[in-house]
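Just so you know, residue 1 is the first one in the sequence shown, and it goes up from there. When reading the values below, keep in mind they use all heavy atoms of this one structure, side chains included, and skip hydrogens, waters and symmetry mates.
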Amino acid sequence: MDDTEALRVAEAVVERGDLPLLGRDPGETYRMGIMGGTFDPIHNGHLVAAEQAFDDLCLDVVVFMPAGRPAFKQDKRVTSGEDRYAMTLLATSDNPHFLASRFEVDREGITYTADTLEQLSAIYPKNVEFYFITGADAIAEIVTWRDASKIARLAHLVGATRPGYDLAHARAAFEESPYEFDVTYLEVPALAISSSYLRQRVEADQSLRYLTPDQVTGYIHKHHLYGVRPKRYGSSDLEAQDL
Ligand code: NAP
């Protein structure tokens with residue numbers, strides 16, 4: 001990357017404010033993890049999966065990117081992008097190699113991963129590689145996503161699974177695809193936790209302690225998400241924090 005190119009990358013990143021500055025040394029290869037998900041809400045399973053991907057794949061950074069309008073959830077009730085982003089920010093801010101990004105939340109229209117990767121490829125120089133990390137269920141469907149060939153070309157894929165998860169469906173889907181995907185699977189015991197489990201617990205007035213960071217629980221209570229009921233005296237869960 002010459003000086004002009006380096007300046008252009010730096011300006012694009014600084015303008016965004018929530019993307020990492022990577023790719024400065026042309027002799028080096030940099031690995032950016034992109035943690036894609038709805039994060040409704042984010043939980044410890046997501047955080048452990050991202051940390052494991054960071055270690056196992058020698059990533060330089062993991063950028064958490066809540067989907068703005070998730071492509072496959074048009075008929076479902078999804079918490080606002082602002083709330084999901086805020087919870088993601090709260091959950092990731094104490095980890096120096098995690099970053100929460102509004103990149104997809106701020107984009108108009110349905111969120112397609114191919115668009116995200118194409119835009120990131122335009123911002124970053126060629127020595128930055130993208131590792132798109134998400135649940136193995138979602139990874140197995142990638143061959144059906146819009147511009148799947150572009151995704152195959154622009155990113156390595158990382159499918160996070162819980163132990164015992166059957167990868168046969170995902171493997172068959174990639175074998176039958178005309179495109180060459182580079183896929184790594186990570187077994188993450190903490191993914192026994194799911195966002196729907198957390199939502200059910202809130203609905204049933206049960207504690208989220210140890211399932212998601214306390215700041216996220218505080219945010220859920222303060223903003224009455226997922227059917228939070230008024231707090232009863234002496235509840236074991238957290239009081240709403242001033243967030
Ligand atoms: P989903 O169908 O809600 O999730 C499938 C499974 O994966 C669930 O068990 C989910 O658990 C888990 N999961 C989701 N994100 C995860 C993550 N980052 N790490 C570990 N497990 C994860 O999937 P989704 O959230 O709608 O979409 C996942 C990603 O794929 C997003 O970035 C989305 O934009 C992208 N996507 C793109 C297209 C497209 O371009 N056409 C279509 C669909 C999805 P939890 O519910 O606990 O998270």
Side-chain angles (χ1 to χ4, degrees), residues 12-13 15-20 32-43 45-47 49-50 62-93 98-124 130-155 157-160 170 173 181 191 193-200 202-203 212 216 219-220 222-228 243:
V13 167
E15 197 180 309
R16 284 283 328 162
D18 62 358
L19 288 176
M32 185 195 295
I34 301 159
M35 189 71 171
T38 305
F39 303 130
D40 194 13
I42 191 162
H43 53 68
H46 297 130
L47 297 166
V62 180
V63 181
F64 283 68
M65 233 175 239
R69 285 181 56 201
F72 287 177
K73 293 190 173 153
Q74 298 308 303
D75 54 345
K76 295 205 175 108
R77 247 184 83 192
V78 175
T79 307
S80 78
E82 285 304 327
D83 283 332
R84 290 182 291 109
Y85 167 73
M87 291 187 281
T88 303
L89 182 64
L90 288 168
T92 52
S93 56
F98 285 177
L99 201 70
S101 174
R102 300 182 58 92
F103 201 67
E104 290 189 340
V105 164
D106 284 345
R107 199 160 72 223
E108 295 280 314
I110 298 171
T111 307
Y112 293 109
T113 299
D115 294 346
T116 301
L117 293 171
E118 195 166 37
Q119 290 180 0
L120 289 174
S121 301
I123 291 175
Y124 287 97
F130 302 113
Y131 286 74
F132 181 73
I133 311 159
T134 194
D137 302 2
I139 289 284
E141 300 299 324
I142 271 185
V143 293
T144 68
W145 293 3
R146 179 193 272 212
D147 291 332
S149 63
K150 212 179 267 176
I151 298 175
R153 188 165 41 81
L154 296 177
L157 304 180
V158 184
F181 289 92
L191 280 178
I193 303 172
S194 70
S195 297
S196 59
Y197 176 61
L198 266 72
R199 295 196 299 270
Q200 282 164 22
V202 174
E203 183 93 53
T212 191
V216 174
Y219 188 95
I220 290 170
K222 179 167 183 188
H223 296 267
H224 307 291
L225 303 182
Y226 314 120
V228 157
L243 300 167

Which heavy atom in [X] sits nearest to a heavy atom in [Y], and how many Å separate them?
X	Y	value
Pro66	Val105	O-CG2, 3.5 Å
Ala138	Trp145	O-CZ2, 3.5 Å
Ala71	Thr111	CB-O, 3.6 Å
Asp18	Ala100	CB-O, 3.7 Å
Leu191	Ala49	CD1-CB, 4.4 Å
Ala173	Val143	O-CG1, 3.8 Å

Using atom types as modelled and distance alone, determine if a side-chain donor or acceptor of Ser195 lies under 3.5 Å from a backbone N or O of Phe39.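 Side chain of Ser195 to backbone of Phe39, a donor-acceptor pair under 3.5 Å: no, none is there.
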
Quick check: does any side chain N or O of His223 sit under 3.5 Å from a backbone N or O of Ile220, one acting as donor and the other as acceptor? no

Flag the pair [X] / [Y] as yes when at least one side-chain heavy-atom distance between them is below 4.5 Å, and no otherwise.
X	Y	answer
Ile110	Tyr112	yes
Thr113	Phe132	yes
Arg84	Pro41	no
Val202	Arg199	no
Leu99	Val62	no
Leu120	Ile34	yes
Phe130	Ser121	yes
Leu19	Tyr124	yes

Please identify each residue that fulfils side chain to side chain donor-acceptor pair (under 3.5 Å) with Glu118, with sequence neighbours left out. Lys150

Quick one: list whatever passes side chain to side chain donor-acceptor pair (under 3.5 Å) with Thr92, sequence neighbours left out.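 Listed in chain order: nothing, the list is empty.
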
Leu225 and Met87: side-chain contact (heavy atoms from CB on, under 4.5 Å), yes or no, with the steps? CA-CA 11 Å; Leu225 303 182; Met87 291 187 281; 3.7 Å; yes

Pairing donors with acceptors under 3.5 angstrom, does anything connect the side chains of Glu104 and Thr116?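 Looking only at side-chain atoms, Thr116 and Glu104 do form a donor-acceptor pair, the distance falling under 3.5 Å.
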
Rounded distance [0.5 Å steps], [atom1] in [X] versus [atom2] in [Y]:
X	Y	atom1	atom2	answer
Asp115	Phe103	CG	CZ	9.5 Å
Leu47	Thr212	CG	OG1	6.5 Å
Ile151	Leu157	CD1	CG	7.5 Å

By the side-chain hydrogen bond (donor to acceptor under 3.5 Å, both in side chains) test, which pairs, at least two apart or in different chains, include something from residues 66-81? Thr38-Lys73, Asp40-Thr79, Arg69-Gln74, Ser80-Asp83

With sequence neighbours left out, write down each residue that passes ring-ring contact (aromatic ring centres under 6.0 Å, His included) with Phe98, or none if nothing qualifies.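 Phe98: ring-ring contact (aromatic ring centres under 6.0 Å, His included) contacts with Phe64.
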
ring-ring contact (aromatic ring centres under 6.0 Å, His included) partners of Phe181, counting only residues at least two apart: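 ring-ring contact (aromatic ring centres under 6.0 Å, His included) check on Phe181 returns Phe174.
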
Can you check side-chain contact (heavy atoms from CB on, under 4.5 Å) on Met35 and Thr134, steps first, answer last? CA-CA 6 Å; Met35 189 71 171; Thr134 194; over 6 Å; no

The criterion is salt bridge (charged side-chain N to carboxylate O under 4.0 Å, His left out); which residues satisfy it with Glu82, sequence neighbours excluded? Arg102

